[in-house]
Amino acid sequence: MTIDASGENIEKSPVFQRLLADATHIESDFYAFKAMYRQIWEKDHSAKLMILKCHLVVEHYLTSYLEAANPASPGIATARLTFAQKVDLADHPQANFHFFITGIKSLNSLRNKVVHRLDFVPSENDLAPIAEPVRVWRNAAGEPVPAGFDVLDVFTELVCGFMHSTTKMIGRHAKGAGLPGLLNWYVDAKIAEQSGEPELPSTLSH
């Protein structure tokens, strides 16, 4: 005899009696489920896992960049911002990774499909907005363009490299003013170049 938390005999409960009466069908359903479950579990999910990995790595560098670019808004890393909201915050036409924004948004769209749709199978057409900036960049450099899902790896490295570089430049040249400070430094450097005067290091320019 099995007693539940309320002290009642489970075997005599109406639910248990119904389950017992339907036991043959339940067993048949379970074996059918196992076959279906193994088919889903053993499917090749490597492309989906790559999308999730790239998304996580991009978000890491994106968050670091936003904290440097917006020193007046501390706590971005702990704020409950979605990936899309972070991308919108970072989307500035003069940021040096602006060229990749459409691809970053497409990566986020792919990630959302992967985590919310078990039947979703990413195709090369889904990768087109991600592959395009890689193609342009690689062609300009005279380097081969990766095929298939290998483009995700290259895209992620490029995007994160640009974000990391910009974050470091903000730290060196923005004088605590975030992205606006860096943009001002760009302008000052251009004026100095046009005038033919060498730019002074930031520590000597005061």
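What you see below is based on every heavy atom in this structure, not just the backbone, and it leaves out hydrogens, waters and symmetry mates.
- Atom CG of D91 and atom CD1 of I101 lie 4.5 Å apart (nearest 0.5 Å).
- By the 4.5 Å heavy-atom criterion applied to side chains, E157 and V154 are not counted as neighbours.
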- For H173 and N184, run side chain to side chain contact (heavy atoms under 4.5 Å, CB included): C-alpha distance rounded to whole Å, both residues' side-chain angles, the deciding distance at 0.1 Å, then the answer. CA-CA 9 Å; H173 305 296; N184 287 335; over 6 Å; no

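- For the pair P122 and K48, the tightest heavy-atom approach, listed with the atom from each and the gap, is CD-CG, 4.2 Å.
- In this structure, L183 and H92 have side chains that are in contact, with non-hydrogen atoms separated by less than 4.5 Å.
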- Message: Working note: L107 + C54, criterion side chain to side chain contact (heavy atoms under 4.5 Å, CB included); need CA distance, chi angles, decisive distance, verdict.
- Response: CA-CA 8 Å; L107 174 62; C54 292; 4.3 Å; yes

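- Grouping the Ile, Leu, Val, Met, Phe, Trp and Tyr side chains by contacts below 4.5 angstrom, directly or via other members, places L127 with L52.
- The aromatic rings of F100 and F162 sit tilted relative to each other, their planes meeting at an angle between 30° and 60°.
- Remark: side-chain polar atoms of T78 are paired, donor with acceptor, to backbone N or O of G75 under 3.5 angstrom.
- Side chain of T167 to backbone of M163: a donor-acceptor contact under 3.5 angstrom is found.
- Taking both residues in full, the closest heavy atoms of M169 and W185 are given as CE-CZ3, 3.6 Å, listed atom of the first, atom of the second, then distance.
- With 3.5 Å as the limit, one finds a donor-acceptor pair spanning the side chains of D44 and S46.
- Between P180 and A69, the shortest heavy-atom contact is CD-O, 4.2 Å.
- C160 places a side-chain heavy atom less than 4.5 Å from the side chain of V58.
- With rounding to the nearest 0.5 angstrom, the NZ atom of K86 is 3.0 Å from the OG1 atom of T63.
- Counting heavy atoms from C-beta on, the side chains of P133 and F155 come closer than 4.5 Å.
- Residues satisfying the side-chain contact (heavy atoms from CB on, under 4.5 Å) criterion with E143, sequence neighbours excluded, are R138, A141.
- No single ILVMFWY cluster, assembled from side-chain heavy atoms under 4.5 Å apart, contains both L56 and I51.
- Looking at residues two or more places apart in sequence or on another chain, you find a salt bridge (Lys or Arg N to Asp or Glu O under 4.0 Å) between R38 and E42.
- A 6.0 Å sphere centred on NE2 of H164 holds no more than 12 heavy atoms belonging to other residues, nucleotides or ligands.
- Counting only heavy atoms from C-beta outward, the side chains of L62 and F83 approach each other to under 4.5 Å.
- Under the 4.5 Å side-chain criterion, counting only non-hydrogen atoms from C-beta, F97 is not in contact with V159.
- Hydrophobic clustering, with ILVMFWY side chains joined whenever heavy atoms are under 4.5 angstrom apart, groups V136 together with V151.
- If you chain together ILVMFWY residues whose side-chain heavy atoms come under 4.5 Å of each other, F30 ends up grouped with F33, M36, Y37, I40, W41, L118.
- With hydrogens and angles disregarded, no donor-acceptor distance shorter than 3.5 Å links the side chain of E67 to the backbone of S64.
- Residue Y65 holds its OH atom at 10.0 Å from CG of L89, rounded to the nearest 0.5 Å.
- The only member of I104, L81, L66 that meets side chain to side chain contact (heavy atoms under 4.5 Å, CB included) when paired with V87 is I104.
- Within the 4.5 Å cutoff, the side chain of Y186 has no heavy atoms near those of the Q94 side chain.
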- Message: Go through it in stages, so that I can follow the logic: the residues are K43 and Q39, the test is side chain to side chain contact (heavy atoms under 4.5 Å, CB included), and I'd like the CA-CA distance, side-chain angles, deciding distance and then a yes or no.
- Response: CA-CA 6 Å; K43 186 177 292 186; Q39 185 178 24; 5.6 Å; no

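- Side-chain atoms of D126 come within 3.5 Å of backbone N or O of S123 as a donor-acceptor pair.
- Side-chain contact, N112 with S109: no donor N or O sits under 3.5 Å from an acceptor N or O.
- Shown here for S106 and I130, the closest heavy-atom pair between the two residues is CB-CG1, 4.1 Å.
- The OG1 atom of T156 sits 11.0 Å away from the OH atom of Y61 when rounded to the nearest 0.5 Å.
- In this structure, the side chains of M50 and F149 stay at 4.5 Å or more apart for every pair of heavy atoms.
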